Amino acid sequence: MTQNNHNKDFYVRVYEVVARIPEGRVTTYGAIARHLGIGGSARLVGWALNKTLSESGNQSGLLPCHRVVNRTGELTGKAWFGGDFMEQLLRSEGVRFSDKGRVDMMRHFWEP
DNA sequence: AAACTGACGGGCG
DNA sequence: ACGCCCGCCAGTT
């Protein structure tokens with residue numbers, strides 16, 4: 001396999017990376033994409049998360065996808081958690097936010 | 001089949 | 001620091 005990620009493997013890989021984001025840390029869609037060798041296709045990561053979310057029934061929190069934010073630290077996926085549940089989860093892990101509701105990336109960013 | 005959409009990111013003004 | 005534009009690629013219209 002050269003650089004052709006079969007979709008099925010792609011989902012699994014995203015799952016595995018997200019699964020090992022440490023508590024109290026966050027990473028970005030782009031960082032995950034780059035780690036998987038598909039840098040530049042960060043959108044697919046978010047799309048894959050959404051996919052695995054609906055397929056594997058992650059509602060119980062098996063996959064800590066609340067620890068994935070965009071490059072500026074905004075909780076772009078909060079809509080999938082309902083209300084401010086995503087922010088609550090992060091805060092309960094000790095994640096700090098700036099006054100604009102963004103994660104303090106300098107402090108919490110985790111490189112896969 | 002072409003255009004549009006989106007849990008995104010880099011570069012530029 | 002911020003907003004805008006463009007590239008990215010799978011899915012939907």
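All figures in this text were calculated on a predicted structure; none of them were measured in a lab. Reminder, nothing fancy here: chain letters follow the sequence lines and each chain counts from 1.
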Which nucleotide in the list dC8(C), dA7(B), dG9(B) gets nearest to the side chain of Leu49(A)? dA7(B)
Without decimals, in angstroms, what is the distance between Met105(A) CE and dA1(C) P? 14 Å
Output yes when at least one side-chain N/O atom of Lys51(A) is less than 4.0 Å from OP1 or OP2 of dA10(C), else no. no
May I ask you to decide whether Arg20(A) forms a salt bridge with Glu16(A), counting only side-chain N to carboxylate O separations under 4.0 Å? no
Under 4.0 Å between any heavy atoms, over every strand shown, what does Arg67(A) touch: base, sugar-phosphate, or nothing? Just pick one. nothing
Does Gly73(A) offer a backbone N or O that forms a donor-acceptor pair with the side chain of Asn70(A) under 3.5 Å? yes
Within this structure, what is the OH-to-C1' distance between Tyr29(A) and dG10(B), rounded to whole angstrom? 18 Å
5' precedence on DNA chain B between Val69(A) and Leu44(A) (nearest-nucleotide basis): Leu44(A)
To the nearest Å, give me how far apart CD1 (Ile32(A)) and P (dC8(C)) are. 21 Å
May I have all residue pairs that pass side chain to side chain donor-acceptor pair (under 3.5 Å) and include part of residues 102-112 of chain A, sequence neighbours excluded? Arg34(A)-Glu111(A)
Tell me if the side-chain of Arg43(A) makes a donor-acceptor pair with the base of dG9(B), cut-off 3.5 Å, by modelled atom types. no
Hey, is the side chain of Arg102(A) poking within less than 4.0 Å of OP1 or OP2 on dC2(C), counting only N and O atoms? yes
Ion pair Lys100(A)/Glu74(A), N-O distance below 4.0 Å: no
To the nearest Å, how far apart are Glu111(A) CD and dG9(B) P? 12 Å
Ala42(A) has a side chain; which of dG11(C), dC2(C), dC8(B) sits nearest to it? dC8(B)
Residue Ser41(A), side-chain atoms from C-beta onward, closest of dA7(B), dC9(C), dG9(B): dC9(C)
Nearest-nucleotide pick for Arg71(A), side chain only, options being dC4(C), dA10(C), dC2(C): dC4(C)
What is the separation between atom NE2 on His35(A) and atom C1' on dG9(B), rounded to the nearest whole Å? 18 Å
Go through His66(A) and Leu90(A) one step at a time and tell me if the side chain to side chain contact (heavy atoms under 4.5 Å, CB included) criterion holds. CA-CA 7 Å; His66(A) 60 283; Leu90(A) 291 171; 3.7 Å; yes
To the nearest Å, how far apart are Asn70(A) CG and dG10(B) C1'? 13 Å
Rounded to whole angstroms, how far apart are CH2 on Trp47(A) and P on dG7(C)? 22 Å
Look at the side chain of Thr28(A) and decide which nucleotide, out of dA7(B), dC9(C), dG9(B), has an atom nearest to it. dG9(B)
Round to the nearest Å and state the distance from Glu87(A) atom CD to dA7(B) atom P. 19 Å
Pairing partner of dC8(C) (Watson-Crick or G-U wobble, both distances under 3.5 Å): none
